[in-house]
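Structure record follows, encoded as structure tokens.
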Amino acid sequence: MIGIYEILRRWIYWMVDFLKGGKIRGHYNDIKFIMEKYHSPESTDKRRSYLDKLLEHAVATSEFYKDYKNFKSLEDFPVINKSIIRDRFNDIQSGAFKNKSNYSMSTSGSSGTPFTTLQNKGKRSRNTADTIYFKQKAGFEIGYRLYYIRKWFRMHQKSRLTTWARNIRMVNVTEFTDSYLQHFIDTLREDKSTKVLLSYSSALRDICNYLRRSGCEPIQTKISCIIAMSEGLGDNTRKDLEYFFNTSVLLRYSNLENGILALQLPNAGTCLHINWASYHIEILHPEKDIPAAVDEMGRVVVTDLFNYCMPFIRYDTGDLAIMSKDNDHFNKAPCLLEVHGRQMDAIFDTLGKIQSTFIIFHLESYPQIKQFQFIQEHKRNYTLKLNVEETFDAEQEVIDIFKNYLGGDAIIKIVYVDEIPQLSSGKRRLTINNYSKETGIM
């Protein structure tokens, strides 16, 4: 009977969309074609047309962009960021959409100032279709049960009718105690439906720590896939998840103001496949508005092809990533080899060279460590905060690992804490940079 309910939910969803004009289905088919025929002339023409139309719309209807009406290419437009959008909010909006029904999207500002943007109805429909397409590629079908693991702010909480209709189970990271996690695991065991876990990476790490600590055996339940989001995911956590839940573990790169930007796919390598159907993505030099060198870390700069209400043209997301042209999987399009998270949390070695935040995941190989946070205090001074189960006797070994990346002259102090606090969003910052270089990207 469970399978019948899944199919029924899927059928009802698409029937409702059909009765409303089939907008989601139309976007879904368009996304599928562009992504899976990426190198075809038709796909190339569609992507170019979407970009040209957006740019023409922006210069014709936005006070901020009107000075760029003689543009020759995307590169003629300025790179913008959250601060510019906040300061020029009304000017960036399209005049053609100011009196229409738009949707407000707000971030919590968990480690900075809250950020609000607007989306038009067409953009919302595109986002919904993006979500359906990429979740489907990951192994999630409409009708499957979604365990959504995050901090549930009042503005994000769903009504009982909505959660039932969408088959969502809300799991709150702010309530993670041993008893709460045990109840969650028991619920998964008893739930016979096909399930997907969508979660903060740090929450998945907490779940694995609890399962290891409690000596849990692999959990017998039907999970189609686990999708990690918002933060990097270490290899050890990935392996633990695969062991305990016997399913593929995929990393998603997205943000609230735009949508799904890239996603790992099962049996398609470790790179994140970029959503070229809905965005044009550039990787720019960390300090200059020029392309980063091939396979070098740079700033993720997004042009949203479908937000006509508030054009996001060359929007610096604040994240760092590495793009590769050599993608042997899926659509053979340029992909993201790595996403390193927030630029403001980047760590530099003692010579001032930016380092991958992935070095922090070496700590996952020490079972005594429950939580960790690495802080750059000055050019050569660093603090490593550790929450450990018991006396930790590998301090020098850990220091040597970090010195291997940061430099032999790095001064690393280990501080033991009872808890690495969550941000207001429910996430945890794994790296923090309290040091601003006189020159550079900080």
Side-chain angles (χ1 to χ4, degrees), residues 1-10 131-132 134-152 158 160 163-231 233-252 263-268 270 361 364-371 389 426:
M1 288 298 289
I2 296 295
I4 293 175
Y5 288 135
E6 292 170 359
I7 295 171
L8 183 60
R9 277 190 168 94
R10 195 173 313 145
T131 300
I132 293 171
F134 280 95
K135 281 185 177 177
Q136 187 180 68
K137 298 300 292 186
F140 176 88
E141 295 282 355
I142 294 173
Y144 287 0
R145 181 158 294 157
L146 176 65
Y147 282 83
Y148 199 170
I149 307 169
R150 57 167 297 163
K151 178 173 180 179
W152 285 98
K158 315 292 184 185
R160 287 187 178 182
T163 55
W164 177 85
R166 298 184 183 179
N167 212 4
I168 296 173
R169 296 293 182 270
M170 296 184 290
V171 182
N172 200 332
V173 296
T174 61
E175 299 181 27
F176 271 19
T177 61
D178 283 1
S179 60
Y180 184 93
L181 289 172
Q182 186 57 55
H183 176 72
F184 169 63
I185 298 302
D186 291 341
T187 300
L188 291 179
R189 283 197 182 99
E190 295 166 5
D191 186 348
K192 305 303 180 184
S193 64
T194 307
K195 299 171 289 298
V196 168
L197 307 187
L198 175 62
S199 172
Y200 295 157
S201 297
S202 57
L204 293 173
R205 194 175 304 115
D206 290 343
I207 291 169
C208 288
N209 285 340
Y210 169 74
L211 293 173
R212 285 198 307 268
R213 195 168 66 245
S214 59
C216 189
E217 295 293 324
I219 298 159
Q220 302 302 315
T221 188
K222 190 177 181 182
I223 295 180
S224 177
C225 68
I226 298 173
I227 301 174
M229 61 177 183
S230 298
E231 307 136 311
L233 187 72
D235 289 340
N236 284 69
T237 297
R238 185 186 296 272
K239 290 175 183 176
D240 281 346
L241 290 167
E242 291 171 348
Y243 168 75
F244 286 118
F245 297 104
N246 189 32
T247 191
S248 57
V249 182
L250 311 170
L251 187 63
R252 188 178 87 177
L263 177 71
Q264 288 178 339
L265 300 177
N267 305 313
T270 58
F361 292 123
E364 290 189 345
S365 61
Y366 295 92
Q368 308 100 312
I369 299 177
K370 294 194 294 183
Q371 298 168 340
E389 284 289 339

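Numbers for residues simply follow the sequence, beginning at 1.
- Considering R169, E6, R166 as possible partners of R145, the one that fulfils the side chain to side chain contact (heavy atoms under 4.5 Å, CB included) test is R169.
- Side chain of E389 to main chain of Q368: no donor-acceptor pair is present (N/O by atom type, distance under 3.5 Å, no hydrogens or angles).
- L233 places a side-chain heavy atom less than 4.5 Å from the side chain of V249.
- Looking at heavy atoms from C-beta onward, N167 lies out of side-chain contact with Y144 at the 4.5 angstrom threshold.
- Nearest heavy-atom pair, S201 versus A228, reported as atom, atom and distance to 0.1 Å: OG-CB, 3.4 Å.
- Using a 4.5 Å heavy-atom cutoff, the side chains of Q136 and E141 are in contact.
- In this structure, K222 contributes its side chain and K192 its backbone to no donor-acceptor pair below 3.5 Å.
- Expressed to the nearest 0.5 Å, how far OG of S202 lies from CE of M229 amounts to 9.5 Å.
- Between the OG atom of S224 and the CZ atom of F245 there is a distance of 14.0 Å, given to the nearest 0.5 Å.
- Closest of all the heavy-atom pairs between M170 and Y180 is O-OH, 4.5 Å.
- In terms of the ring pair (Phe, Tyr, Trp, His ring centres under 6.0 Å) criterion, F244 has no residue partners (sequence neighbours excluded).
- Applying side chain to side chain contact (heavy atoms under 4.5 Å, CB included) to R189 and the options D191, I185, T187 leaves one that passes, I185.
- Using a distance-only test at 3.5 Å, with no hydrogens or angles considered, a donor-acceptor pair links the side chain of T247 to the main chain of I223.
- Under the 3.5 Å distance criterion, the side-chain polar atoms of R10 are matched with a main-chain donor or acceptor of I142.
- Taking each heavy atom of K151 and N172 in turn, the nearest pair found is CA-OD1, 3.7 Å.
- Counting heavy atoms from C-beta on, the side chains of T221 and K195 come closer than 4.5 Å.
- Here the shortest heavy-atom pairing between Q264 and T270 reads NE2-O, 2.7 Å.
- The structure places NZ of K239 at 10.0 Å from OG of S365, a figure rounded to the nearest 0.5 Å.
- The CZ atom of R238 sits 10.5 Å away from atom CD of E364, with the distance rounded to the nearest 0.5 Å.
- Atom CG of D186 has more than 12 neighbouring heavy atoms from other residues, nucleotides or ligands inside a 6.0 Å radius.
- Counting heavy atoms from C-beta on, the side chains of E217 and Y243 come closer than 4.5 Å.
- T237 contributes no side-chain N or O that, together with a main-chain N or O of R205, makes up a donor-acceptor pair within less than 3.5 Å.
- When side chains are defined from C-beta on, L198 does not count as touching F140, because their heavy atoms never get closer than 4.5 Å.
- For the residue pair Q182/D178, the side-chain donor-acceptor check at 3.5 Å is not satisfied.
- For Y366, the ring pair (Phe, Tyr, Trp, His ring centres under 6.0 Å) partners are F392, not counting sequence neighbours.
- Here the OH-OG distance, from Y147 to S199, works out to 13.5 Å after rounding to the nearest 0.5 Å.
- The shortest non-hydrogen separation linking S248 to P266 is OG-CG, 4.2 Å.
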Using the rule given for side-chain contact (heavy atoms from CB on, under 4.5 Å), can you reason through V173 versus D206, listing the C-alpha separation, both sets of side-chain angles and the distance that settles it, and then say yes or no? CA-CA 9 Å; V173 296; D206 290 343; over 6 Å; no
Going through the distances and angles, do R212 and D240 end up as a side-chain contact (heavy atoms from CB on, under 4.5 Å)? CA-CA 9 Å; R212 285 198 307 268; D240 281 346; 2.2 Å; yes
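- Residues L250 and F134 are not in side-chain contact: their nearest non-hydrogen atoms beyond the backbone lie 4.5 Å or more apart.
- At a threshold of 4.5 Å between non-hydrogen side-chain atoms, the residues L197 and L241 do not count as touching.
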